[in-house]
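Notes for the one structure printed next.
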Amino acid sequence: MSQALDLTLTDDPHQQNDVFTDAFNSGEGAIFDQLYRSDAISNLTGRTLTGSARTQAITEFLATGPKLTAKVRQTYRTGDTMLLIVDFSVETVGADGTPEKLDGRCTDVLVRDANGKWIMAIDRPVMQDPNA
Amino acid sequence: MTVDNVELTKEVLAHAENYVRAFNSGDAAAVDRLYTEDAVSVWEKGKPVSGAERRAGLAEYLAQRPVMKIEILESYVISDTALLAVDWTIDIPTAQGTERQQGIGVDVLRRGADGQWRFAVDNPYGTDI
């Protein structure tokens, strides 16, 4: 990743989604982590994590090169709080080395930080029921 | 570390219980105090309402004397922000008997400068969009 990403999140959920997708697909935890508040809760790796454990888990996962595509489905916003509902698909590699595709719907909570910038506070991906 | 915000989570769950009590009392002003000033409610899928429209909608709904029950399925709580997944039912008495509404909500709460939790996004149908 030689090209620097602009990680500023505007009020536009589609722009936010593009930034998240680009940061995720950079494969670099240090980049993706900048989108999260230091005390954020993330469920992206299948466990509910915060702090250094959250950073470590997502960094290890992104290092495996998963590729994310995502589409914003709903957004609800107040002055300082936003709920996003996003459909996502992640192409990754399973433990045995075979390609895997994970589809689901993620609920994201963003809040404004002390500088008025949007930042991720809580994410909650739910995998699609394969029998649905 | 995994997440262990026990005290904050207790506060948020207490808020949810207070909400149910206020809701079932039918007191619209009491219920409204459990929302942030600019809260968004999505009682109809994909149609958020806020401000005076939200307050009026809530008062009108409560006038039917609905009875809510909830079960908190998931809670994620940090210092000033919480996400809840809530399985709920509401029974509304009608001349033809009880009308039941139900869903799994995904709600966002914020903690104000006064330390009180309030609903910021009231999204009763959650990710069923």
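All values below were derived from every heavy atom in this structure, side-chain atoms included, with hydrogens, water molecules and symmetry-related copies excluded. Computed from a predicted structure; not experimentally measured. Naming: A, B, ... by sequence-line order, numbering from 1 per chain.
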Which pair of heavy atoms, one from B/Tyr76 and one from A/Ile122, lies closest together, and at what distance?
O-CD1, 3.5 Å
Transitive ILVMFWY side-chain link A/Met127 to A/Phe20, under 4.5 Å
yes
Does B/Glu44 have more than 12 heavy atoms from other residues, nucleotides or ligands lying within 6.0 Å of its CD?
no
For A/Tyr76, run the side chain to side chain contact (heavy atoms under 4.5 Å, CB included) check against B/Val108, B/Val40, B/Asp122 and tell me which one passes.
B/Val40
Quick check on side chain to side chain contact (heavy atoms under 4.5 Å, CB included): which of A/Asp108, A/Ile41, A/Leu83 does B/Leu83 satisfy it with?
A/Leu83
Heavy atoms only: give me the nearest A/Gly79-B/Asp38 pair and the separation to one decimal.
N-OD2, 2.7 Å
B/Glu37 versus chain A, the contacting section by heavy-atom distance below 4.5 Å
neither
Under 6.0 Å from the CD atom of A/Glu91, do we count more than 12 heavy atoms belonging to anything else shown?
no
Stepwise side-chain contact (heavy atoms from CB on, under 4.5 Å) check, A/Arg77 with B/Ser50
CA-CA 10 Å; A/Arg77 177 156 65 99; B/Ser50 60; over 6 Å; no
Criterion side-chain contact (heavy atoms from CB on, under 4.5 Å) on A/Met82 and B/Val121, from CA distance to verdict
CA-CA 8 Å; A/Met82 188 170 341; B/Val121 182; over 6 Å; no
Interatomic distance, CG@B/Asn123 vs CD@A/Gln74, rounded to 0.5 Å, equals 8.0 Å
Side chain from CB out, backbone as N, CA, C, O: work out which of these in A/Asn43 comes under 4.5 Å of a heavy atom of chain B, or both, or neither.
side chain
Would a 4.5 Å heavy-atom cut-off, applied to side chains only, mark B/Arg110 and A/Thr78 as touching?
no
Atom NZ of A/Lys67: over 12 foreign heavy atoms under 6.0 Å
yes
Is any side-chain heavy atom of B/Thr127 closer than 4.5 Å to a side-chain heavy atom of A/Arg73?
no
Same cluster or not: are A/Ile85 and B/Ile104 linked, directly or through other Ile, Leu, Val, Met, Phe, Trp or Tyr residues, by side-chain heavy atoms under 4.5 angstrom apart?
no
What residue in A/Val109, A/Thr107, A/Thr81 has the most heavy-atom pairs under 4.5 Å with chain B?
A/Thr81
Do other residues, nucleotides or ligands put more than 12 heavy atoms under 6.0 Å from the NZ atom of B/Lys45?
yes
Check each atom of B/Val106 against the heavy atoms of chain A and say whether the ones under 4.5 Å are side chain, backbone, both or neither.
both
Working to the nearest 0.5 angstrom, can you tell me the gap between B/Asp80 CG and A/Asp80 CG?
8.5 Å
Portion of B/Ala82 that has a non-hydrogen atom of chain A nearer than 4.5 angstrom
backbone
